[in-house]
Novice: 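A single structure is presented below for examination.
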Amino acid sequence: MEELTHDFLSFLPAALLTLAAAGAPEVYKLAARRFLDRAKSHMASWLYILLDSFLTPVAGLFRVLLGAAAVKSLPFELVRDAVFLQYLNLAADLLVIFYISLGCWRAAPVTRLLLRSAQNHLDLETNQTMGHFFENIFHALVGLFAGIAMLDRLGVPVSGLLTGAGVAGLAVSLAAQSTLNSLIAGITLVLERPFGIGDYIVLGDCEGTVEDISFRSTRIRSPDNVAITIENSKITAEYIQNYDRRQSRLWKFTIGLTYDTPRERIEQLTADLTAMLQAQPDVQPDGVTIALDKFNDYSIDLACRVYITKVNLRDFMQVKNTLNLQILDLMQEEGCEFAFPTTTVDLPERK
């Protein structure tokens with residue numbers, strides 16, 4: 001009976017530590033979350049981001065430390081074995097490195113705050129593109145240092161690997177010149193900002209909305225909903241047309257009138273159409289030009305050039321739809337008809 005009592009009591013510390021490992025981190029997360037929500041308006045943004053980023057990782061650290069302590073308190077001979085303790089400490093250290101790296105990874109939005117603070121001094125535009133790009137750089141650095149720390153803890157000669165990597169760097173660079181060129185081109189695109197995420201651009205034969213700018217390539221979404229990935233080095237070698245950076249869109253169209261339209265009606269239609277377009281709120285008044293362009297095979301053509309202030313493609317198409325309907329109504333009011341290809345055949349009279 002004493003042996004059973006002794007055995008039960010010997011498991012009690014491990015059981016208590018296991019319960020603490022399961023419950024204490026959750027209690028900490030709830031309390032810390034409530035505190036952060038209440039104190040958010042009274043603390044600096046960077047401090048809130050850091051505390052919020054490390055909330056879950058710190059809970060994971062508590063669980064690792066309490067779990068390791070629970071295993072070490074078990075009344076087994078295996079637990080006291082030096083080799084077992086060595087592997088247990090190794091696993092715990094790797095998990096500690098992982099959770100610290102996870103907190104740093106989640107703290108990447110701090111880079112956006114740094115860009116915003118540097119805006120007044122360096123005249124940098126705080127936009128989605130630069131923030132996303134520098135977050136990728138931050139993530140890459142966190143992953144690199146976390147990998148080095150884990151390899152070092154595993155006993156891998158990291159210094160030797162770094163020295164070998166430096167020696168082999170020249171050979172690797174020669175074999176990956178296109179990748180390095182794309183990396184440099186990506187940095188150039190971010191610094192010069194010819195376009196940003198969400199902009200509609202044209203690159204040679206490709207066009208679409210920019211979805212992502214990474215170290216090596218840029219992904220755009222075409223009007224047909226096709227994802228196109230282009231190397232940054234090729235983008236910098238192209239003429240980049242950014243449709244969203246312009247102040248207006250040019251709409252060119254032609255109205256073909258029948259040849260039986262009198263001159264007076266043509267002049268009146270030209271004047272009324274100009275006045276109607278200039279009165280539209282989405283049209284630049286000084287950007288409306290309508291003139292008799294040429295005498296076509298079957299029509300008298302009016303060339304129309306209109307600058308619309310709606311830059312977004314969907315809004316631009318909606319404005320065009322509204323104006324086309326108004327032009328149709330105006331043609332009916334003026335008594336003018338649209339010309340279309342016709343053929344006249346003269347048959348000789350029968351004698």
Novice: For Ser233 and Thr236, which heavy atoms make the closest approach, and how far apart are they?
Specialist: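 Heavy atoms only, the tightest pair is O-OG1, 2.9 Å.
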Novice: So Phe295 and Tyr259, would you call those rings parallel, tilted or perpendicular, with 30° and 60° as cut-offs?
Specialist: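 Parallel: the ring planes of Phe295 and Tyr259 meet at under 30°.
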Novice: Are the side chain of Glu26 and the backbone of Ala22 linked by a donor-acceptor contact shorter than 3.5 Å?
Specialist: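 Looks like no, no N/O pair under 3.5 Å.
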Novice: For the side chain of Arg63 and the backbone of Ala21, is there at least one donor-acceptor N/O pair under 3.5 Å apart?
Specialist: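 Yes, because the side chain of Arg63 sits within donor-acceptor range (under 3.5 Å) of the backbone of Ala21.
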Novice: Are Leu51 and Phe54 joined in one hydrophobic group, where the rule is that I, L, V, M, F, W and Y side chains link up if heavy atoms are under 4.5 Å apart?
Specialist: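 No; tracing contacts between hydrophobic side chains, which count when under 4.5 Å, never links both residues.
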Novice: Would you mind reporting whether Leu302 and Ile266 have side-chain heavy atoms less than 4.5 Å apart?
Specialist: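 Of all side-chain heavy-atom pairs linking Leu302 with Ile266, at least one is under 4.5 Å.
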Novice: State yes or no: do Trp251 and Tyr307 share one hydrophobic cluster built from I, L, V, M, F, W and Y residues joined by side-chain heavy-atom distances below 4.5 Å, directly or via other members?
Specialist: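 Looking at the clustering, Tyr307 is in a separate group from Trp251.
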Novice: Will you find, in the side chains of Asp260 and Thr258, an N or O donor that is under 3.5 Å from an N or O acceptor?
Specialist: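 Side-chain D/A pair, Asp260 to Thr258: present.
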Novice: Out of the candidates Ile197, Asp212, Ile230, only one should pair with Arg219 under the side chain to side chain contact (heavy atoms under 4.5 Å, CB included) rule; please name it.
Specialist: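 The single option meeting the side chain to side chain contact (heavy atoms under 4.5 Å, CB included) with Arg219 is Asp212.
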Novice: Taking Lys320's backbone N and O only, do any of them form a donor-acceptor pair with Asn324's side chain (distance below 3.5 Å, no angle check)?
Specialist: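 Flag set: sc Asn324 to bb Lys320 pair under 3.5 Å.
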Novice: Taking C-beta and beyond as the side chain, do Phe338 and Leu328 meet within less than 4.5 Å on heavy atoms?
Specialist: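 SC-SC contact between Phe338 and Leu328 confirmed.
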Novice: For Phe62 and Tyr28, I'd like to know if the aromatic rings sit close, meaning centre-to-centre distance below 6.0 Å.
Specialist: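 Close enough - the centres of the two rings lie under 6.0 Å apart.
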Novice: Any idea which heavy atoms bring Gln280 and Gln326 closest together, and the distance?
Specialist: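 Here Gln280 and Gln326 meet closest at NE2-OE1, 2.9 Å.
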Novice: Examine the side chains of Gln284 and Gln278 and answer whether a donor and an acceptor come within less than 3.5 Å of each other.
Specialist: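 No, because no side-chain N or O of Gln284 sits under 3.5 Å from a partner of the opposite role on Gln278.
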Novice: I'd like to check Met276 versus Leu273 (side-chain heavy atoms, cut-off strictly below 4.5 Å). Are they in contact?
Specialist: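 When only atoms from C-beta onward are counted, Leu273 and Met276 do touch, with a gap below 4.5 Å.
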Novice: Decide whether Met331 and Tyr298 are clustered together by the hydrophobic rule: side chain heavy atoms of Ile, Leu, Val, Met, Phe, Trp, Tyr closer than 4.5 Å, transitively.
Specialist: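 Met331 does not cluster with Tyr298.
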Novice: Taking the side chain as every heavy atom from C-beta outward, state whether Ile240 and Leu203 have any pair of such atoms under 4.5 Å apart.
Specialist: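 In contact.
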Novice: Closer than 3.5 angstrom, by distance alone: can the side chain of Ser299 be matched with the main-chain N or O of Gly256 as a donor-acceptor pair?
Specialist: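 Checking the backbone N and O of Gly256 against the side chain of Ser299, no donor-acceptor pair under 3.5 Å is found.
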Novice: Between Phe253 and Arg305, is there a side-chain heavy-atom distance shorter than 4.5 Å?
Specialist: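 Arg305 vs Phe253: side chains apart.
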Novice: Which atom names give the shortest non-hydrogen contact between Ser217 and Thr229, and what distance separates them?
Specialist: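 Shortest heavy-atom separation between Ser217 and Thr229 comes out as OG-CG2, 3.4 Å.
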Novice: Is a side-chain N or O of Arg249 found less than 3.5 angstrom from the main chain of Ile308, in a donor-acceptor match?
Specialist: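 Pair absent, no side-chain N/O of Arg249 close to backbone of Ile308.
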Novice: Could you report the tightest heavy-atom contact between Leu61 and Ile100, atom names first, then the distance?
Specialist: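 Closest approach of Leu61 to Ile100, heavy atoms only: CD1-CG1, 4.4 Å.
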Novice: Main chain of Cys336, side chain of Arg265: is a donor-acceptor contact present, judged purely on distance under 3.5 Å?
Specialist: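 No; judged by distance alone, with no hydrogens or angles, the pair does not exist.
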Novice: Determine yes or no for a side-chain-to-main-chain donor-acceptor pair under 3.5 angstrom, with Asn89 supplying the side chain and Leu85 the backbone.
Specialist: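 Yes: the side chain of Asn89 pairs with the backbone of Leu85.
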Novice: Are Val226 and Arg221 close enough that some pair of their side-chain heavy atoms sits under 4.5 Å apart?
Specialist: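 A side-chain contact is absent here, since even the closest heavy-atom pair is not under 4.5 Å.
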Novice: Go through the steps for Gln268 and Glu334 under the test side chain to side chain contact (heavy atoms under 4.5 Å, CB included), then give the verdict.
Specialist: CA-CA 8 Å; Gln268 186 64 39; Glu334 298 288 342; 3.5 Å; yes
Novice: Quick one: do Val311 and Phe195 end up in the same hydrophobic cluster if we chain Ile, Leu, Val, Met, Phe, Trp and Tyr together by side-chain heavy atoms under 4.5 Å apart?
Specialist: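 No, separate clusters.
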Novice: Considering the options Lys29, Lys40, Arg33, which one meets the salt bridge (charged side-chain N to carboxylate O under 4.0 Å, His left out) requirement together with Asp52?
Specialist: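 When salt bridge (charged side-chain N to carboxylate O under 4.0 Å, His left out) is applied between Asp52 and each of Lys29, Lys40, Arg33, only Arg33 qualifies.
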Novice: Would you find a donor on one side and an acceptor on the other, under 3.5 Å apart, between the side chain of Asn242 and the backbone of Pro194?
Specialist: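 Yes, the answer is positive, given that a donor and an acceptor are paired below the 3.5 Å cut-off.
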Novice: Just by distance, do the side chain of Thr261 and the backbone of Leu257 share a donor-acceptor pair under 3.5 Å?
Specialist: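 Looks like no, no N/O pair under 3.5 Å.
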Novice: So does Phe35 have more than 12 non-hydrogen atoms from other groups sitting under 6.0 Å from CZ?
Specialist: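 No, not enclosed.
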Novice: Going hydrophobic residue to hydrophobic residue with side-chain gaps under 4.5 angstrom, can you get from Ile327 over to Val319?
Specialist: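 Yes; tracing contacts between hydrophobic side chains, which count when under 4.5 Å, links both residues.
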Novice: Can you confirm whether Cys304 sits close enough to Thr254 that some side-chain heavy atom of one is under 4.5 Å from a side-chain heavy atom of the other?
Specialist: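 Result no, sub-4.5 Å side-chain heavy-atom pair not found.
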Novice: Distance only, no hydrogens: is a donor on one side chain within 3.5 Å (strictly under) of an acceptor on the other, for Asn232 and Thr218?
Specialist: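 Short answer, yes.
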Novice: Grab the two heavy atoms, one from Ser53 and one from Pro57, that are nearest each other, plus how far apart they are.
Specialist: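 In terms of heavy atoms, the two residues are closest at O-CD, 3.2 Å.
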Novice: Heavy atoms only: give me the nearest Pro223-Gly208 pair and the separation to one decimal.
Specialist: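 Taking Pro223 first and Gly208 second, the nearest heavy atoms are CD-CA, 4.3 Å.
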Novice: Under 4.5 Å between any side-chain heavy atoms of Val283 and Leu323, yes or no?
Specialist: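 Side-chain contact under 4.5 Å: yes.
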Novice: Looking at Gln247, I want to see if its CD is surrounded by more than 12 non-hydrogen atoms of other residues, nucleotides or ligands under 6.0 Å.
Specialist: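 Result for CD/Gln247: open.
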